[in-house]
2 protein chains.
Amino acid sequence: MDKELMVFMQDVLPFWAKLDPPQQKLLADSVALKTFENGSSMHSGNEDCSGLFIIKSGRVRVFVFSETGKEVTLYRLFERDICIFSASCILKNINFETYIEAETKTTALLIPTKLYEQLSQTSLAVADYTSQLMASRFSDVMWVMEQVLFMSFDKRLAVFLLEQENIEGSGRLQITHEAIANHLGSAREVVTRMLKYFRDEGMVELFRGGLQIKDSKKLQKLAQN
Amino acid sequence: MDKELMVFMQDVLPFWAKLDPPQQKLLADSVALKTFENGSSMHSGNEDCSGLFIIKSGRVRVFVFSETGKEVTLYRLFERDICIFSASCILKNINFETYIEAETKTTALLIPTKLYEQLSQTSLAVADYTSQLMASRFSDVMWVMEQVLFMSFDKRLAVFLLEQENIEGSGRLQITHEAIANHLGSAREVVTRMLKYFRDEGMVELFRGGLQIKDSKKLQKLAQN
């Protein structure tokens with residue numbers, strides 16, 4: 001493993017310093033750097049159990065999927081985030097299926113499942129870290145759930161567009177109505193109808209394959225309402 | 001602590017045998033038996049952090065609550081279940097609020113927060129157990145989420161009524177339309193409308209303050225559809 005990756009890993013994993021030298025060596029020797037192209041799948045459902053990904057660069061989307069093909073985004077992961085559900089097989093009692101895909105070209109360090117399992121059975125620091133990671137994702141998912149349950153669709157769409165503007169660093173969003181529907185667990189027609197309403201209200205401008213945010217303040221007001 | 005409670009606790013807590021004798025003594029000395037009347041609150045939001053409840057008898061409902069007063073049931077707990085979110089303050093990274101109430105008269109053993117925190121910082125078995133418990137509740141919540149996201153309301157209501165029949169051990173359900181709405185995160189009028197449709201289809205009979213399931217098979221067919 002090269003030195004830069006080594007430093008990155010030590011820096012990202014809060015339990016590193018609490019491992020003993022043989023465990024550190026084992027971990028350093030077992031981790032591999034993987035690259036995923038834009039749009040490619042990193043994990044699909046529970047039969048797939050590659051291990052824990054530490055995102056080195058790029059952007060990752062974690063979502064659920066219904067039998068009828070409806071999708072909802074649970075959360076996104078960025079540089080330095082750890083992807084726990086790609087190792088869901090080692091999490092006892094997890095019986096739902098998540099799907100993970102690279103939203104942009106992504107590089108990630110992979111800690112193999114077997115090794116992580118070994119570490120968490122012998123190190124209290126690793127077990128505690130796993131717990132904290134799960135609690136964090138649980139909170140992310142509860143946030144989505146509360147949005148879905150308690151928020152009207154116009155508000156959710158406004159929140160999503162602002163979040164997207166924030167991630168992209170620009171109000172010009174290259175995203176189809178279909179893709180937005182998949183993030184929000186809605187239907188394309190519903191998104192199209194609401195975006196047309198947003199356009200009529202002067203909040204966005206629509207173009208083929210995307211949209212431009214015109215009035216962030218008005219969108220924010222709607223989102224916070 | 002009396003002998004019967006002691007045996008119950010040892011039996012319910014999978015990590016008991018892995019604690020050392022001083023830890024076992026500390027736990028046995030600190031646990032207290034609490035009683036909650038039908039409908040009373042056991043935990044409300046995150047400022048409230050009494051500890052872990054082990055349900056000894058009764059039935060408990062865990063739910064979330066919106067600013068506008070809308071409720072949704074996340075899961076139910078029964079005898080021998082452990083209530084982890086009543087100690088949410090010790091779960092790092094949990095930043096959503098849950099509410100817990102006794103649905104019937106409930107007795108529960110309370111493990112104080114401080115003590116449980118101590119144990120999970122020193123015992124790998126306790127840390128691992130906490131993780132598993134959280135994973136289990138995470139799965140429960142994902143099940144609700146997938147229902148809310150992907151299932152039509154008639155199906156959700158059918159699933160709920162059958163579950164209720166199963167819990168009560170009878171098809172005669174003493175539950176108001178308002179209470180059903182609170183379980184499902186819906187509005188009373190929506191529940192009333194759908195129940196009238198179920199009645200017209202011969203699946204239920206309505207009476208003041210409740211309903212009677214008349215055709216479980218038809219309801220099941222709807223639920224599985």
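Keep in mind that the numbers below use all heavy atoms, side chains included, and drop hydrogens, waters and symmetry copies. This is a predicted model, so every value here is computed, not measured. Reminder, nothing fancy here: chain letters follow the sequence lines and each chain counts from 1.
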**Q.** Which portion of B/M142 sits near chain A, non-hydrogen atoms under 4.5 angstrom
**A.** side chain
**Q.** For chain B, the option from A/V144, A/L91, A/V141 that forms the most heavy-atom pairs under 4.5 Å
**A.** A/V141
Q | Residue pair A/V64 / B/F150, side-chain heavy-atom distance below 4.5 Å | A | yes
Between chain B and chain A, identify every pair of one donor and one acceptor N or O atom lying under 3.5 Å apart.
{"unit_1": "B/K70", "atom_1": "NZ", "unit_2": "A/L149", "atom_2": "O", "d": "2.9"}
{"unit_1": "B/N93", "atom_1": "O", "unit_2": "A/S139", "atom_2": "OG", "d": "2.7"}
{"unit_1": "B/N93", "atom_1": "ND2", "unit_2": "A/Q132", "atom_2": "O", "d": "3.0"}
{"unit_1": "B/N95", "atom_1": "N", "unit_2": "A/S139", "atom_2": "OG", "d": "3.0"}
{"unit_1": "B/N95", "atom_1": "OD1", "unit_2": "A/S139", "atom_2": "OG", "d": "3.3"}
{"unit_1": "B/Q132", "atom_1": "O", "unit_2": "A/N93", "atom_2": "ND2", "d": "3.0"}
{"unit_1": "B/S139", "atom_1": "OG", "unit_2": "A/N93", "atom_2": "O", "d": "2.8"}
{"unit_1": "B/S139", "atom_1": "OG", "unit_2": "A/N95", "atom_2": "N", "d": "3.0"}
{"unit_1": "B/S139", "atom_1": "OG", "unit_2": "A/N95", "atom_2": "OD1", "d": "3.3"}
{"unit_1": "B/L149", "atom_1": "O", "unit_2": "A/K70", "atom_2": "NZ", "d": "2.9"}

Q: If the plane angle is over 60° it's perpendicular, under 30° parallel, otherwise tilted; pick one for A/F138 and B/F96.
A: tilted
